[in-house]
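In what follows, every chain begins at residue 1, and chains take the letters A, B, ... in the order their sequences are listed. Predicted, not measured: the structure shown is a model, and the values here were computed from it.
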Amino acid sequence: MFQAPRGTADILPEEQGYWRFCRSKARETATSFGYRRIDTPLFEDARLFVRGVGELTDIVEKETYTFEDRGGDLLTLRPEGTAPVCRAYLEHGMSNLPQPVRLYYVCPAFRYERPQSGRSRQHHQFGIEVLGDGDAIIDAEVIEVAWRFLGSVGLSDLELSINSIGDGECRPQYIRTLQDHYRQHSGILCHDCTRRLEHNPLRLLDCKVDSCQPVIGGAPHSVDYLCDACDAHWSSLRGHLFALGLPYAVNHRLVRGFDYYTRTVFEVTPPVEGSQTTIVGGGRYDGLIEELGGKPTPGIGFGMGIDRVILNLKRQEVAPPEYRDTKVLVAHLGEAAKAEAVKLASKLRQAGTAALVGPAERGLRSQLRYASAIDATHAVIIGDDELAKGVVVLRDLSKSAQHEVDPDRLVQELQSAGGNGC
RNA sequence: GUGAGCGUGGUCAAGUGGUUAAGACGCCAGGUUGUGGCCCUGGAGAUCGAGGGUUCGAAUCCCUUCGCUCACCCCA
């Protein structure tokens, strides 16, 4: 038997309510801030992510789905949304549009990882990007979009963490200071941190091993090493967040996995301890567009894991709204009635009412049982008696009441009966 | 890449060496010669993940393998 590939999952009909809910809230929130939707291809030139995300990141080093197509092109299934959007911005000359350009997307992303709770090989991201404006009001806006979205779906008790990791001007010196600090304690570092010290020094800060905690505790803070411009940006951001009433916490240990981040980084996590908890991660990437061949252009955005949002909705027992529209099952008895049922169901659908024909070769009782099972609101019954009289029976399944109707008036009757609302 | 736990009908799940592998939900039928949701009765549906071994006898013990889950790494 075939199974869905490891790390992938079917989203079954019972689950779709959550997805429809999240997607529509994402669209509503993003458009209310003036963002416009963009869809980029599922796969891109493999080099885009090497350049954009960073050659030495785990994602590019060992997590991409990369393959050669039949024409010999090397392609990669998108592992994240920012680099493709920046590519599109450049390819379509969006730098000539009024700046800044605000874009959002909802799309799947792929990473070859060992799956676990909240992490799979195909996940879905709601993301936004603002290109062409480096002011801190944009940073605050992007964070606000994430925060408002999460509120709109009903998640509460979330924690918003922010930090600034400086830019090309000031970060190198900070990293040197950080490494110096760590080298003084190299004796007690865990295995991973010994590696990180040379390979990915910023990552030293979010090591979870107990023995490394004292070293982290004494580590210098990146915000204390910001150059004047970055420092001004940083305090401006905090001022705007405060003014907007967003309850942020400065986390000096917050760093992010992509090479392209500059200045602001942020994430939102739920209050549960554990591992794969980050719901939203984002930050500023003022060097990325240039890295991809454009002129220097500031940018900032976030990626949000919809799968993780839904995980938390379930954890907090937030149910998506239910939609219950009129749905008619046309039950039939006998060959002549069966043919009539097919025609009648078709007519109902064309008039805009969901309708389906009862399962053939079954008794009326079975057909009505089926009607209940699929949440039909009404049943139409056609048998020899009705055919002879030129009527059909319309049964309201929620009220258990029925009456005969002229088939030509059926659409009208159903409309006046209406659905049960939401 | 590393570590741990778990694989029994569609789903959940009992069974821990001894005749035809419980039960529940779901599915189908009947109870109502044409009337659902509740209830009652009956039925279908499992080579106990796969392969090998131990044994008179294996779902049960051992080995291998595949899969799933969780955690680490890392990330949404």
Side-chain angles (χ1 to χ4, degrees), chain A residues 1-9 12 14 22 53 56-64 78-82 106-127 146 150 190-193 195-196 199-200 203 206-209 255-258 267-270 273-282 301-312 329 331-334 337 358-359 361-387 392-402:
Chain A
M1 281 264 278
F2 286 107
Q3 282 176 284
R6 162 173 285 198
T8 67
L12 299 173
E14 306 84 81
C22 287
V53 178
L56 294 179
T57 56
D58 274 19
I59 289 184
V60 167
E61 233 177 308
K62 51 191 194 195
E63 294 179 1
T64 51
R78 134 182 92 214
E80 57 97 43
T82 300
V106 176
C107 67
F110 304 85
R111 294 178 198 171
Y112 185 84
E113 305 184 270
R114 285 287 288 271
Q116 71 186 74
S117 178
R119 189 177 70 188
S120 54
R121 290 184 174 181
Q122 174 178 1
H123 71 280
H124 302 78
Q125 288 196 14
F126 162 40
L150 293 167
C190 71
H191 173 74
D192 285 332
C193 281
R195 232 188 52 228
R196 289 186 186 112
H199 172 257
N200 195 356
R203 281 268 149 224
D206 59 3
C207 179
K208 291 168 197 111
V209 176
V255 295
R256 302 211 47 80
F258 304 143
E267 67 180 30
V268 178
T269 50
E273 68 285 2
S275 49
Q276 311 306 320
T277 58
T278 304
I279 297 177
V280 190
F302 69 68
M304 170 163 353
I306 300 178
D307 313 68
R308 289 184 183 176
V309 169
I310 291 174
L311 207 61
N312 282 280
L329 183 109
H332 49 86
L333 292 132
E361 316 304 329
R362 295 218 208 152
L364 179 60
R365 180 230 274 275
S366 172
Q367 292 185 59
L368 288 173
R369 277 184 176 159
Y370 184 74
S372 292
I374 61 165
D375 281 324
T377 54
H378 300 265
V380 166
I381 300 166
I382 313 176
D384 292 338
D385 300 351
E386 287 75 16
L387 286 177
V392 298
V393 169
L394 174 60
R395 180 174 180 82
D396 183 325
L397 292 171
S398 60
K399 297 188 184 119
S400 295
Q402 65 184 47

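- Within 3.5 Å, no donor on the side chain of A:Gln367 pairs with an acceptor on the base of B:rU35, nor the reverse.
- A close approach under 4.0 Å does occur between a side-chain nitrogen or oxygen of A:Ser117 and OP1 or OP2 of B:rC70.
- For the pair A:Gln116 and B:rC72, the criterion of a side-chain N or O lying under 4.0 Å from OP1 or OP2 is met.
- Atom CD of A:Glu63 is separated from atom P of B:rC74 by 10 Å (rounded to the nearest Å).
- Side-chain N or O atoms of A:Gln367 include one that pairs as donor or acceptor with a backbone N or O of A:His332 at under 3.5 Å.
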Test log, rule side chain to side chain contact (heavy atoms under 4.5 Å, CB included), inputs A:Val53 and A:Glu80: CA-CA 9 Å; A:Val53 178; A:Glu80 57 97 43; 3.7 Å; yes
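- In this structure, CG of A:Asp396 is placed 14 Å from C1' of B:rU35, rounded to the nearest angstrom.
- At whole-Å resolution of the value, OH in A:Tyr370 and C1' in B:rG26 are 14 Å apart.
- The base of B:rG37 does not come close enough to the side chain of A:Ser372 for any donor and acceptor atom to sit less than 3.5 Å apart.
- In this structure B:rC28 sits in a base pair with B:rG42, meeting the Watson-Crick or G-U test at under 3.5 Å.
- Nucleotide B:rA59 has no partner under the Watson-Crick or G-U criteria, as no pair reaches both atom distances under 3.5 Å.
- Contact annotation: A:Ser366 reaches the phosphate of B:rA29 (side-chain N/O to OP1 or OP2, under 4.0 Å).
- Remark: B:rU69 base-pairs with B:rA4. Criterion, Watson-Crick or G-U wobble with two distances under 3.5 Å.
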Stepwise side chain to side chain contact (heavy atoms under 4.5 Å, CB included) check, A:Leu150 with A:Met304: CA-CA 10 Å; A:Leu150 293 167; A:Met304 170 163 353; 3.8 Å; yes
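- Nearest-nucleotide assignment on RNA chain B puts the 5′-proximal partner with A:Tyr112, out of A:Tyr112 and A:Gly118.
- Applying the Watson-Crick and G-U wobble criteria (two distances, each under 3.5 Å), B:rC74 pairs with nothing in any strand.
- With hydrogens and angles ignored, no donor-acceptor pair under 3.5 angstrom links the side chain of A:Ser398 to the base of B:rG37.
- Residue A:Arg6 places at least one side-chain N or O closer than 4.0 Å to OP1 or OP2 of B:rC68.
- Counting distance only, with no hydrogens placed and no angle test, the side-chain atoms of A:Gln402 and the base atoms of B:rG36 include no donor-acceptor pair under 3.5 Å.
- For A:Arg114, the listed nucleotide lying nearest its side chain is B:rU2; candidates were B:rU2, B:rG67, B:rG34.
- A donor-acceptor pair under 3.5 Å links the side-chain atoms of A:Arg78 to the main chain of A:Pro108, judged by distance alone.
- Here, B:rU16 and B:rG26 have their C1' atoms 29 Å apart, quoted to the whole Å.
- Contact annotation: A:Arg362 side-chain N/O to B:rA29 OP1/OP2 distance is under 4.0 Å.
- Atom CG in A:Leu311 sits about 9 Å away from atom P in B:rC70, given to the nearest Å.
- At least one side-chain nitrogen or oxygen of A:Arg369 sits closer than 4.0 Å to the OP1 or OP2 atom of B:rG37.
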